[in-house]
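Predicted model only: the values in this text are computed from it and were never measured. Lettering of chains follows the sequences in order, A, B, ..., and the numbering in each one begins at 1. Note: hydrogens, waters and symmetry copies are ignored here, and every other heavy atom, side chains too, is used.
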Number of protein chains: 2
Amino acid sequence: MITNMEKIKTLLKEKGIKPTFQRLKILEYLSNNLNNHPTVEMVYEKLLNDIPTLSLTTVYNTLNNFLEKRLVFGVTITGTEVRYDFNTDYHHHFLCKKCGQIIDIDLKCAYAEGEKSIISGHRIDEIHGYFKGICKACSKNVGKKPKSRSSS
Amino acid sequence: MITNMEKIKTLLKEKGIKPTFQRLKILEYLSNNLNNHPTVEMVYEKLLNDIPTLSLTTVYNTLNNFLEKRLVFGVTITGTEVRYDFNTDYHHHFLCKKCGQIIDIDLKCAYAEGEKSIISGHRIDEIHGYFKGICKACSKNVGKKPKSRSSS
DNA sequence: TTCTACCTTGTAATGATTGTAATATTAGAA
DNA sequence: TTCTAATATTACAATCATTACAAGGTAGAA
Ligand SMILES: [Mn+2]
Ligand SMILES: [Mn+2]
Ligand SMILES: [Zn+2]
Ligand SMILES: [Zn+2]
């Protein structure tokens with residue numbers, strides 16, 4: 001992914017953010033993990049391999065910087081920590097209460113698609129649609145215990 | 001609100017929760033603060049007047065109990081703490097980034113109204129619609145700063 | 001090179017929430 | 001009523017994500 005790195009660098013410059021090594025690697029990681037919706041800790045742990053001197057504070061500072069510049073989107077569906085999303089197009093999220101997976105959801109709805117920028121007189125800057133329940137895969141496995149004498 | 005207290009007691013019994021004094025007062029407080037969306041701390045501080053021995057742990061335990069029994073709804077729009085909502089009908093929330101107020105939002109949309117219990121094969125148990133921006137009142141006051149012409 | 005602005009880092013502090021163990025209250029049996 | 005087991009409340013410690021702070025590092029302008 002060498003060409004990709006150039007795109008990442010351009011993205012940072014466009015937002016007026018100095019493309020330091022740490023910032024490049026963090027944004028690259030997010031761009032390669034679109035459906036993980038990683039936590040700060042996940043970003044930190046993974047990048048420690050490439051950057052052994054990396055500080056957790058830097059990851060926090062950098063991600064907050066990205067959030068302010070709207071380079072990434074913060075997903076707070078779990079309620080306990082921020083998950084980061086490189087995909088800033090309007091889309092929503094589903095959290096499986098069983099396996100913890102966060103899945104992208106695309107809805108056909110004027111509000112969901114962010115077409116309304118004013119609601120009841122309030123100026124809307126961000127829309128978060130959070131759905132919680134049991135995912136498709138976990139639903140199928142109801143009652144299926146590890147061993148099991150499965151299917152016909 | 002003496003008659004109201006009987007309704008509160010009935011609500012608890014219906015959910016199989018023993019109507020202890022603490023629980024009654026906590027649920028009563030929430031029912032009287034439908035548009036505050038109070039924090040644990042707010043509930044605790046306010047009730048300390050009536051119950052000087054009240055423990056913060058009890059407030060946490062009780063509210064978690066109410067959440068499990070779906071007697072109240074947890075709103076995590078701020079990302080830093082849970083706000084409690086006695087109103088469990090499907091409705092959504094707006095957070096003003098300037099004044100911090102949380103305002104109820106009613107949308108006309110199949111998803112927003114919770115009519116779809118399955119989306120993309122996932123079973124939906126909870127829907128949270130969070131809108132963030134600048135509220136009507138704060139929008140009007142743009143530029144109307146007391147004295148100074150401060151920066152950001 | 002030297003200066004200056006900005007980055008990165010390590011560590012301490014904060015704040016919301018949970019865990020734990022002791023004490024108190026309650027409902028039901030005797 | 002009295003006793004007893006189950007449940008509730010309390011005080012306090014621990015956890016975890018996040019922020020604050022202070023010190024050292026880096027790159028480019030002059
Ligand atoms: Mn996403
Ligand atoms: Mn509400
Ligand atoms: Zn699942
Ligand atoms: Zn406002």
Trainee: Starting at CG of Leu71(B), measure out to OG1 of Thr88(B) and round the result to the nearest 0.5 Å.
Mentor: 8.0 Å

Trainee: For dT10(D), does OP1 or OP2 lie under 4.0 Å from any side-chain N or O of Thr58(B)?
Mentor: yes

Trainee: Asn36(B) and Arg83(B): which non-hydrogen atoms are nearest, and at how many Å?
Mentor: O-NH2, 3.4 Å

Trainee: Output the distance between atom OG1 (Thr62(B)) and atom OH (Tyr44(B)), rounded to the nearest 0.5 Å.
Mentor: 13.0 Å

Trainee: At a cut-off of 3.5 Å, list every protein nitrogen or oxygen paired with a nitrogen or oxygen from nucleotides 18-20 of chain C, distance to 0.1 Å.
Mentor:
residue, atom, partner, partner atom, Å
dT18(C), OP2, Asn64(B), ND2, 3.1

Trainee: Which nucleotide wins on minimum distance to the side chain of Thr20(A), given the candidates dC7(C), dT18(D), dT17(C)?
Mentor: dC7(C)

Trainee: Please pick, from dT7(D), dT10(D), dT17(C), the nucleotide with the shortest atom-to-atom distance to any side-chain atom of Val40(B).
Mentor: dT17(C)

Trainee: Side-chain N or O of Gln22(B) less than 4.0 angstrom from OP1 or OP2 on dT10(D)?
Mentor: yes

Trainee: Under 3.5 Å, which protein N or O atoms sit close to an N or O of nucleotides 22-24 of chain D? Give each pair with its distance.
Mentor:
none

Trainee: Between Asp106(B) and His91(B), is any side-chain donor less than 3.5 angstrom from a side-chain acceptor?
Mentor: no

Trainee: Do you know the tightest heavy-atom contact between Pro38(B) and Val43(B)?
Mentor: CB-CG2, 4.1 Å

Trainee: Looking only at the aromatic ring of each residue, does the gap between the centers of His128(B) and Phe131(A) stay below 6.0 angstrom?
Mentor: no

Trainee: Distance check needed: dC7(C) P versus Phe21(A) CZ, whole Å only.
Mentor: 17 Å

Trainee: Strictly by modelled atom types, are His92(B) and Asp104(B) linked by a side-chain donor-acceptor pair under 3.5 Å?
Mentor: no

Trainee: Using a heavy-atom cut-off of under 4.0 Å over every strand shown, decide if Thr53(B) touches base, sugar-phosphate, or nothing.
Mentor: sugar-phosphate

Trainee: Side chain of Lys18(B) only, please: which of dT10(D), dA8(D), dT9(D) is the nearest?
Mentor: dA8(D)

Trainee: Tell me if a side-chain donor or acceptor on Ser55(A) pairs with a main-chain N or O of Thr57(A) at a distance below 3.5 Å.
Mentor: yes

Trainee: Calculate the interatomic distance between Ile17(B) atom CD1 and dA27(C) atom C1'; express it in whole Å.
Mentor: 18 Å

